[in-house]
Amino acid sequence: MPVGRLSIALPVDPGDEELARDWTLSDADLAEVRRCRGDDKRHSFAIQLCMLRSYGRFLGDDYGVVPVRIVNHVGCQLGLPPVLFLAPPAREATDLEHERRIRDHLGFAGFEAEQRQELERWLC
């Protein structure tokens, strides 16, 4: 089963510890983010990367649910000015390509028949 695009409840007012744990980019993350063209794409890519790593799924299409404190914590790491909201990528193809790159970067793999059989053997 591929990584989903389901709605998830994000913390409304995350604390400093939660921001540091779930929304901080490593040097390797930053290098991957910098491959994106344009500040808006880098910002949305970084948010999606943190979402998948912390919550096991992508944000989906509603970037408006990301609290401003999270948006600006991630943006600050990218050297971006503060904003009130984050706009989603304009092209679905861009969003899908970003999701593929993020899965590859984080080492996520699909759950196909071969992986299912391997898991069943391991469980038995």
Side-chain angles (χ1 to χ4, degrees):
M1 181 173 160
V3 175
R5 295 176 56 106
L6 303 173
S7 178
I8 190 164
L10 294 173
V12 174
D13 187 22
D16 292 341
E17 184 176 312
E18 189 170 17
L19 288 172
R21 182 190 63 230
D22 296 339
W23 302 96
T24 298
L25 301 163
S26 69
D27 290 340
D29 295 340
L30 288 168
E32 188 65 29
V33 169
R34 287 186 187 112
R35 292 182 50 211
C36 297
R37 291 187 214 139
D39 289 344
D40 57 335
K41 290 178 183 63
R42 283 189 283 277
H43 206 164
S44 63
F45 186 96
I47 292 286
Q48 291 283 34
L49 190 155
C50 291
M51 275 294 300
L52 184 58
R53 180 176 35 230
S54 298
Y55 294 93
R57 59 186 52 160
F58 290 110
L59 181 60
D61 297 332
D62 190 7
Y63 283 69
V65 301
V66 182
V68 70
R69 188 148 192 238
I70 290 173
V71 169
N72 288 316
H73 176 77
V74 172
C76 182
Q77 296 171 74
L78 303 175
L80 301 175
V83 295
L84 294 176
F85 63 90
L86 185 63
R91 295 179 51 236
E92 183 180 7
T94 300
D95 205 21
L96 294 173
E97 174 62 15
H98 285 184
E99 289 178 6
R100 184 198 61 75
R101 283 183 42 213
I102 291 167
R103 282 192 299 272
D104 290 348
H105 173 72
L106 295 177
F108 277 62
F111 191 70
E112 308 301 330
E114 182 181 330
Q115 289 80 15
R116 180 174 178 230
Q117 290 171 351
E118 186 177 323
L119 178 60
E120 287 173 348
R121 279 193 301 272
W122 183 81
L123 290 173
C124 293

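Since the model is a prediction, treat every value here as computed from it, not as a measurement.
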K.L.:
Could you tell me which residues satisfy side-chain hydrogen bond (donor to acceptor under 3.5 Å, both in side chains) with His105, sequence neighbours excluded, listed by chain and number?
P.N.:
Asp29
K.L.:
I need the Met51 CE to Ile102 CD1 distance, nearest 0.5 Å.
P.N.:
10.5 Å
K.L.:
With sequence neighbours left out, what residues match Asp40 under salt bridge (Lys or Arg N to Asp or Glu O under 4.0 Å)?
P.N.:
none
K.L.:
Checking Glu97 now: which residues fulfil side-chain hydrogen bond (donor to acceptor under 3.5 Å, both in side chains) with it, not counting sequence neighbours?
P.N.:
Arg100
K.L.:
Begin from the C-alpha positions of Leu25 and Leu78 and carry the test side chain to side chain contact (heavy atoms under 4.5 Å, CB included) through to its verdict.
P.N.:
CA-CA 9 Å; Leu25 301 163; Leu78 303 175; 4.0 Å; yes
K.L.:
So, using side chain to side chain contact (heavy atoms under 4.5 Å, CB included) as the criterion, who are the partners of Leu119 when residues are at least two apart?
P.N.:
Phe111, Trp122, Leu123
K.L.:
Applying salt bridge (Lys or Arg N to Asp or Glu O under 4.0 Å), which residue pairs with at least one partner in residues 78-90 are found, sequence neighbours left out?
P.N.:
none
K.L.:
Which pairs of donor and acceptor atoms, one on a side chain in residues 10-23, lie under 3.5 Å apart (sequence neighbours left out)?
P.N.:
{"residue": "Asp16", "atom": "OD1", "partner": "Arg69", "partner atom": "NH2", "Å": "2.4"}

K.L.:
Grab the two heavy atoms, one from Gly60 and one from Gln48, that are nearest each other, plus how far apart they are.
P.N.:
O-NE2, 3.9 Å
K.L.:
Nearest 0.5 Å, please: how far is CD in Gln115 from CD in Gln117?
P.N.:
9.5 Å
K.L.:
For Glu120, what residues pass the side-chain hydrogen bond (donor to acceptor under 3.5 Å, both in side chains) criterion, not counting sequence neighbours?
P.N.:
Arg116
K.L.:
With sequence neighbours left out, what residues match Thr24 under side-chain hydrogen bond (donor to acceptor under 3.5 Å, both in side chains)?
P.N.:
His73
K.L.:
Are Val68 and Val65 in one and the same hydrophobic cluster, where Ile, Leu, Val, Met, Phe, Trp and Tyr link if side-chain heavy atoms are under 4.5 Å apart?
P.N.:
no
K.L.:
Could you tell me whether Asp39 and Arg42 make a salt bridge, using a distance below 4.0 angstrom between a side-chain N and a carboxylate O?
P.N.:
yes
K.L.:
Working to the nearest 0.5 angstrom, can you tell me the gap between Ser44 OG and His98 NE2?
P.N.:
6.0 Å
K.L.:
Counting C-beta onward and ignoring hydrogens, is there a side-chain heavy-atom pair between Leu52 and Leu59 closer than 4.5 Å?
P.N.:
no
K.L.:
Any non-hydrogen side-chain atom of Arg35 less than 4.5 Å from a side-chain atom of Phe45?
P.N.:
no
K.L.:
For residues 82-93, dump all side-chain donor-acceptor pairs below 3.5 Å to protein atoms at least two apart in sequence or in another chain.
P.N.:
{"residue": "Arg91", "atom": "NH1", "partner": "Thr94", "partner atom": "OG1", "Å": "3.2"}

K.L.:
Flag the pair Val71 / His43 as yes when at least one side-chain heavy-atom distance between them is below 4.5 Å, and no otherwise.
P.N.:
yes
